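Quick note on labels: first sequence line is chain A, next is B, and so on, each numbered from 1. The structure displayed is predicted, hence computed values, not measured ones.
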Number of protein chains: 2
Amino acid sequence: MQLSNTSKYAIRILSYMARQEHEYVHKSNELAQSLDISYKFLTKIMTELVKGEFILSIRGREGGFQLNHPASSITILDILKHFQELTDFHTCILGNGACNPHKKCILHDKWASPRQEIKNMFATTTIDIVNSGDFKL
Amino acid sequence: MQLSNTSKYAIRILSYMARQEHEYVHKSNELAQSLDISYKFLTKIMTELVKGEFILSIRGREGGFQLNHPASSITILDILKHFQELTDFHTCILGNGACNPHKKCILHDKWASPRQEIKNMFATTTIDIVNSGDFKL
DNA sequence: TTTAAATTCTACCAAAAAGTAGTAATTAAA
DNA sequence: TTTAATTACTACTTTTTGGTAGAATTTAAA
Ligand code: SF4
Ligand code: SF4
């Protein structure tokens with residue numbers, strides 16, 4: 001019952017970027033330091049985020065990354081989907097094969113409601129949740 | 001957002017055992033076949049379940065395993081705890097360091113309620129949920 | 001035009017989880 | 001007492017995830 005580190009970092013990176021004005025150009029170096037993520041691993045994730053069209057990259061000197069969409073339009077669910085953590089909402093919990101309502105796994109009925117609540121939460125939470133205050137980065 | 005395979009199997013094994021009368025002696029071979037889990041991997045998990053005192057082992061010929069407690073008293077949460085998946089309910093979601101209410105991660109407030117619902121669900125669901133019907137094993 | 005500061009690419013290494021193999025130990029039946 | 005059926009133990013292999021190294025590419029500033 002955990003998100004992968006990659007997803008966790010992606011969420012933290014994007015929400016951190018959302019704290020600055022939209023045009024701000026974020027550099028990997030800066031992000032890695034601020035978020036305390038290894039520079040090498042961070043750049044790997046940045047590349048993924050570019051491919052996922054969450055961010056734009058500006059190459060070369062004075063380059064960096066910008067959000068590609070308004071922060072208020074990027075949900076946590078969007079991020080999780082891109083890192084394939086959505087599938088868990090389909091084949092979930094005991095995940096024995098494809099889900100078939102005629103042959104449910106034993107937890108299905110109990111799990112349905114929490115699962116929906118989580119999904120809603122992820123779907124309605126955007127990366128601009130926080131712009132100030134004592135939050136971890 | 002997934003349980004480990006080990007946890008999934010453990011849940012399936014115990015709930016399967018709970019379908020028989022309490023005294024029934026389950027053999028690894030039988031369980032592996034019925035549940036379609038590799039025999040070798042299953043026996044590894046059975047050893048863990050013995051150590052966790054979920055089941056009793058009877059060694060030697062005609063040996064096998066029995067539930068160590070009434071099925072109605074073993075919760076899913078008990079099982080997850082033993083396989084260390086409980087920690088996620090403390091250090092959860094973005095899991096950056098120990099949780100400090102004065103320095104929350106950005107998802108804390110949104111996550112609190114779904115998390116509680118999941119935990120309650122796991123805490124109130126016992127392995128005897130199902131004794132018949134078209135359920136996956 | 002050269003150079004420095006940045007992203008990108010390719011390839012590798014490490015750790016954890018999942019799964020397998022083989023053998024030793026145990027015990028009841030034959 | 002021998003043997004077959006079972007669990008327990010030790011050690012390995014494979015797969016996935018997490019993480020690192022180094023060079024190539026791009027681009028604006030100097
Ligand atoms: S039966 Fe329900 S709980 Fe089980 S894997 Fe399918 S969707 Fe998930
Ligand atoms: S602040 Fe809340 S959501 Fe974040 S890791 Fe701690 S308990 Fe989990």
Side-chain angles (χ1 to χ4, degrees), chain A residues 1-13 17 24-68 80 82-85 87-88 91 94-96, chain B residues 1-13 17 24-68 80 82-85 87-88 91 94-96:
Chain A
M1 289 301 285
Q2 278 216 298
L3 298 177
S4 68
N5 272 359
T6 305
S7 300
K8 288 178 191 173
Y9 289 158
I11 294 169
R12 290 176 56 217
I13 292 165
M17 290 177 71
Y24 188 90
V25 175
H26 298 264
K27 294 168 197 191
S28 293
N29 219 325
E30 238 181 73
L31 292 170
Q33 280 202 329
S34 304
L35 294 163
D36 194 31
I37 299 175
S38 130
Y39 171 82
K40 279 297 189 178
F41 196 32
L42 180 127
T43 56
K44 197 175 194 174
I45 297 172
M46 296 311 273
T47 308
E48 258 313 297
L49 291 175
V50 171
K51 286 181 185 155
E53 301 185 339
F54 291 99
I55 57 181
L56 294 172
S57 78
I58 300 165
R59 300 187 62 172
R61 184 170 178 156
E62 306 292 295
F65 302 94
Q66 284 179 321
L67 285 184
N68 194 15
L80 298 182
H82 185 257
F83 291 98
Q84 275 108 27
E85 304 227 30
T87 53
D88 308 336
T91 65
L94 298 190
N96 38 6
Chain B
M1 291 297 286
Q2 278 215 299
L3 299 176
S4 68
N5 272 358
T6 306
S7 300
K8 288 179 191 174
Y9 289 158
I11 294 169
R12 289 174 57 216
I13 291 164
M17 290 176 72
Y24 188 91
V25 175
H26 298 264
K27 294 168 196 188
S28 292
N29 219 323
E30 239 181 73
L31 291 170
Q33 280 202 328
S34 303
L35 294 164
D36 195 31
I37 300 175
S38 126
Y39 172 82
K40 279 297 189 179
F41 196 32
L42 180 127
T43 57
K44 198 176 195 175
I45 296 172
M46 295 312 273
T47 308
E48 259 313 297
L49 292 175
V50 170
K51 285 180 185 154
E53 301 186 340
F54 292 97
I55 57 181
L56 295 173
S57 78
I58 301 164
R59 300 188 61 172
R61 185 169 179 157
E62 306 292 293
F65 302 94
Q66 284 179 320
L67 286 183
N68 194 15
L80 298 181
H82 186 256
F83 290 98
Q84 275 108 26
E85 304 227 29
T87 53
D88 307 336
T91 67
L94 298 190
N96 37 5

Check your understanding: Residues two or more places apart in sequence or in another chain: which of them pass side chain to side chain contact (heavy atoms under 4.5 Å, CB included) with A:Glu53?
Key -> A:Asn68
Point to revise | A:Ile13 CD1 to C:dT7 P, straight-line distance once rounded to whole Å | key: 12 Å
Point to revise | Out of D:dT25, C:dA18, D:dA8, whichever nucleotide has its closest atom nearest the side chain of B:Arg59 | key: D:dA8
**Study point:** N or O in side chain of B:Asn29 less than 4.0 angstrom from D:dA5 OP1/OP2
**Key:** no
**Study point:** Listed nucleotide nearest any side-chain atom of B:Ser4, set C:dA18, C:dT27, C:dT7
**Key:** C:dA18
Review point. Looking at B:Thr6, does any N or O in its side chain come under 4.0 Å of the phosphate oxygens OP1/OP2 on C:dA18?
Key: yes
Review point. Hey, which of these two, A:Ser7 or A:Glu62, hits DNA chain D nearer its 5' end, going by closest nucleotide?
Key: A:Ser7
Point to revise | 4.5 Å side-chain heavy-atom contact, B:Leu31 and B:Met17 | key: yes
Point to revise | Rounded interatomic separation in angstrom, taking CZ from A:Phe83 and P from D:dG18 | key: 11 Å
Check your understanding: Is A:Thr6 close to A:Phe41 at the side-chain level, that is, under 4.5 Å between some pair of heavy atoms?
Key -> yes
Review point. Could you give the OH-to-C1' distance, from B:Tyr9 to C:dA17, as a whole number of Å?
Key: 12 Å
Point to revise | Euclidean distance, B:Ile13 CD1 relative to B:Ser34 OG, rounded to 0.5 Å | key: 11.0 Å
Review point. So, do B:Ser28 and B:Phe65 sit near enough that their side-chain heavy atoms are less than 4.5 Å apart?
Key: yes
Exercise for review: Verify the contact: side-chain N or O of A:Ser57 to OP1 or OP2 of C:dT8, cut-off strictly under 4.0 Å; return yes or no.
Suggested key: yes
Review point. What distance separates A:Ile55 CD1 from A:Glu48 CD, expressed to the nearest 0.5 Å?
Key: 10.0 Å
Exercise for review: Among the candidates D:dA28, D:dA8, D:dA5, find the nucleotide nearest to the side-chain atoms of B:Arg61.
Suggested key: D:dA5
Exercise for review: Using whole Å, report how far NZ of A:Lys27 lies from C1' of D:dT26.
Suggested key: 15 Å
Practice item. Scan residues 30-46 of chain B against DNA chain C and write down, sorted by residue number, each residue with any heavy atom closer than 4.0 Å; if none is found, say none. Key: B:Ser38, B:Lys40, B:Phe41, B:Lys44
Point to revise | Value rounded to 0.5 Å, distance of CG in A:Leu67 from OH in A:Tyr24 | key: 12.5 Å
**Study point:** Gap between atoms NE2 and C1', on B:His26 and D:dT7 respectively (whole Å)
**Key:** 16 Å
**Study point:** Under-4.0 Å side-chain N/O to phosphate OP1/OP2 contact, A:Asn5 with D:dT17
**Key:** no
Revision key, fill the gap. Taking for A:Ile58 and for B:Gly60 the nucleotide of DNA chain D with the nearest heavy atom, the one nearer the 5' end belongs to B:Gly60
Review point. Once you round it to whole Å, what is the distance between P of D:dG19 and CD of A:Glu48?
Key: 16 Å
